[in-house]
Amino acid sequence: MKPRGIVFKLFVANLVFYIVFFAAVVAGHFWFFERFYQHERTTELGKKLASFASDYTQQKWPAEKTPTVMGSFITQNHVQMAILDTDGEVRYDNPFRIQLSTDAGQPLSIAVSFFPDMSALAAYGLQPGDRITVQGEYYVEQGHSLFSPYVIRKNGSPAVGSLPYNANREGVIEVSGTIDSLLLPAPGQWNNREGIMAAALKVWFPLPTEYNEQVNRGEAFHMEWKEPISGVHNLVFVQPILRDGKVTEYLFALTPLTQLGEAFGALEVYYAFFSITGGLLLIVVLSFLFSKMVSRPLLQLNRNAARMAKLDFTAISSIESKDELGSLSESLVSLSSNLDRTLKELQLTNEKLVLEMEYKSKMEELQKRFVSDASHELKTPISVVKGYAEGLLDQIAENKRERYIRTILREADRMEKLVLDMLELTRLEAGAVKLHGELFSVNQLALESMEKMEQLAKAKRMEIQIQGDRNVHAWADPEKIEQVLLNYLSNAIHNGTEGSPIQILIQHDVQKQNVCVSVENEGPTIAEHELSLIWDRFYREEDARSRQAGGTGLGLSIVKEIIQLHQQSYGVVNTPNGVRFYFTLDVPLEG
């Protein structure tokens, strides 16, 4: 983090905020939370006792089910509870029982409220139908004889509980039988507090006068009470039970405050330890993460702006957010897109301008080259025409006039062909020629070209032959390809040995999807170092392609431009008996 960067500033601000907030939470816990929790606990338990008293008055369950309902209430709400008459005598208490059918066939009610290890018994997993053996003593409660156990053993399991050291060994008996029903507290939800319950009943009943008047009006009350022997702080609840508008019974409940105090004491130690060790570290980490999270969009916007400043508009990503940062990001993306499009348009316009300037420069160069080449190539025929014309003006001998005139006409034809070839080559080099592609028969094109050159070949007693594939069709401009083939044939006739054959070979390559057309003649070969030079305009090999052999020196240059315009290959190779010129064309797939 940069010391003056936005991430650092947000980190410091969040750190201060979290520390102040955490300190306020901890202080609130130390000063208010225990009292708040005690108030909420008191209010909630008072409402539940009032609801229980109402359900009990309305007899929503049979009277024999009252201990069972009380046991569930005690277990769920962590209280001790008893139902008393108006004189303070207990009517219902000790709801936790095991109903046993002994082996002697007698029912036995086992009271487990005073069992020495209630938590172990609650977790013992007793179920109706289990066979157990119990060691304990009888005692009388509410006119009923109950059996208080010391040791309980389930068949196939170790025993729970133990005989007290002061137990009356003579009064301890052992019974066995099968469990019919049972009501036990849930594991971890019971404390053996029956002694404190008994002490509380002795202290609070009969009720003090001020509370007795309040209860007789049907109003419940609760008070904090400290048990004098153990010093345990408790909350005592007295809920009157009304029948026909008169108080007939009391619902007396007791819940300890010591456990709450101990829990809150442990929490205070925990909070203090957590605040010193883990709290500050957690605050620092959370502050840093929150700062990074909040500043990430801003940093992304900053990176986007920096790239835009360098005219880099590629991959400018937007921020997926519906707030102001998201709107700003969309604006930057839109600005980036518009600038990128504008710059590309300017670049395209600039490229077009460069191409136009290059084309103009190329055309100027072609014009200069055309004038230079034309001047060079026309100088000789013009000199010949001028010389012979002057001879005619000087009234040469009658027998030479016809020869002079023929020479002038021949040189004029040659100059005309030269100019036409130069114009054609210039158009090709300038890219002004447009191809008109179509599918045509290569063999038919070769036949037509052979017919056009037949008279010129007969003059040298040469025969043109067509060999190879006769059913191949190619895609190209047939007029331009015919011009290529005629140039090859003309070159073969002019440079071939008199009386030798000329072969047109058509070879179809299925894998490459093309056809190679070659023209081969017998005669002088071309020097290896000149094989790549003969395609240049006005290049003539001294022996094989001399001016006396005819031609303008532009035919092969025209061939090169036409084949390159078709994006095909061309070339020349020496053979054992002469020279072979070739070019390729595309063959479309059948079907």
For the student: nearest non-hydrogen atoms of [X] and [Y], plus distance:
X      : Y      : value
Ile563 : Val484 : CD1-CG2, 4.1 Å
Tyr582 : Val572 : CE2-N, 3.7 Å
Val587 : Asn514 : CG2-C, 3.6 Å
Ile502 : Ile493 : CD1-CG1, 3.5 Å
Leu485 : Ala446 : CD2-CA, 3.7 Å
Met462 : Gly496 : CE-CA, 4.0 Å

Trace of the side chain to side chain contact (heavy atoms under 4.5 Å, CB included) decision for Val519 with Leu489: CA-CA 7 Å; Val519 176; Leu489 290 173; 3.9 Å; yes

For the atom pair [atom1] ([X]) and [atom2] ([Y]), what is the distance rounded to the nearest 0.5 Å?
X      : Y      : atom1 : atom2 : result
Asn350 : Leu343 : CG    : CG    : 11.5 Å
Arg580 : Asn574 : CZ    : CG    : 10.5 Å
Leu346 : Leu353 : CG    : CG    : 12.0 Å
Gln567 : Asp586 : CD    : CG    : 9.0 Å
Ser557 : Asn487 : OG    : CG    : 9.5 Å
Asn77  : Arg41  : CG    : CZ    : 6.5 Å

Thinking salt bridges, do Glu454 and Lys458 make one under a 4.0 Å N-O criterion? yes

Pair Glu44 + Lys48, salt bridge at N-O below 4.0 Å: yes

Of all residues at least two apart in sequence or in a different chain, which pass the salt bridge (charged side-chain N to carboxylate O under 4.0 Å, His left out) check with Lys480? Glu424

Taking C-beta and beyond as the side chain, do [X] and [Y] meet within less than 4.5 Å on heavy atoms?
X      : Y      : value
Ser518 : Phe583 : no
Gln507 : Leu505 : yes
Gln483 : Ile562 : yes
Val579 : Asn521 : yes
Lys452 : Leu486 : yes
His566 : Ile481 : yes
Glu358 : Leu355 : yes
Cys516 : Asp509 : no

[X]: partners by side chain to side chain contact (heavy atoms under 4.5 Å, CB included), with sequence neighbours left out:
X      : answer
Lys344 : Asp340
Ser490 : Met453, His494
Glu351 : Gln347, Leu348
Ser72  : Gln76

Going by atom type alone, with no hydrogens or angles, which donor-acceptor pairs under 3.5 Å involve a side-chain atom of residues 464-478 and a protein atom two or more places apart or on another chain?
residue, atom, partner, partner atom, Å
Asp469, OD2, His508, N, 2.8
Arg470, NH2, Ile466, O, 2.6
Asp477, OD1, Glu479, N, 3.2
Asp477, OD2, His436, N, 3.0

Please check if the side chain of Ser361 supplies one atom and the backbone of Met357 the other of a donor-acceptor pair under 3.5 Å. no

Output yes when a side-chain donor or acceptor of Ser500 lies under 3.5 Å from a complementary backbone atom of Thr497, and no otherwise. yes

Atom CD of residue position Glu498 - does it have more than 12 heavy atoms of other residues, nucleotides or ligands inside 6.0 Å? yes

CA sep, side-chain torsions, deciding dist, call: Thr575, Glu522, side chain to side chain contact (heavy atoms under 4.5 Å, CB included): CA-CA 9 Å; Thr575 64; Glu522 296 181 4; over 6 Å; no

Step by step, would you call Phe581 with Leu556 a side chain to side chain contact (heavy atoms under 4.5 Å, CB included)? CA-CA 10 Å; Phe581 286 83; Leu556 293 180; 3.9 Å; yes

In terms of relative ring orientation, are Tyr570 and Trp535 parallel, tilted or perpendicular, with 30° and 60° separating the classes? perpendicular

Using the side chain to side chain contact (heavy atoms under 4.5 Å, CB included) rule, take Glu40 and Thr43 through it: C-alpha gap first, then chi angles, then the decisive distance, then the call. CA-CA 5 Å; Glu40 290 296 312; Thr43 303; 5.6 Å; no

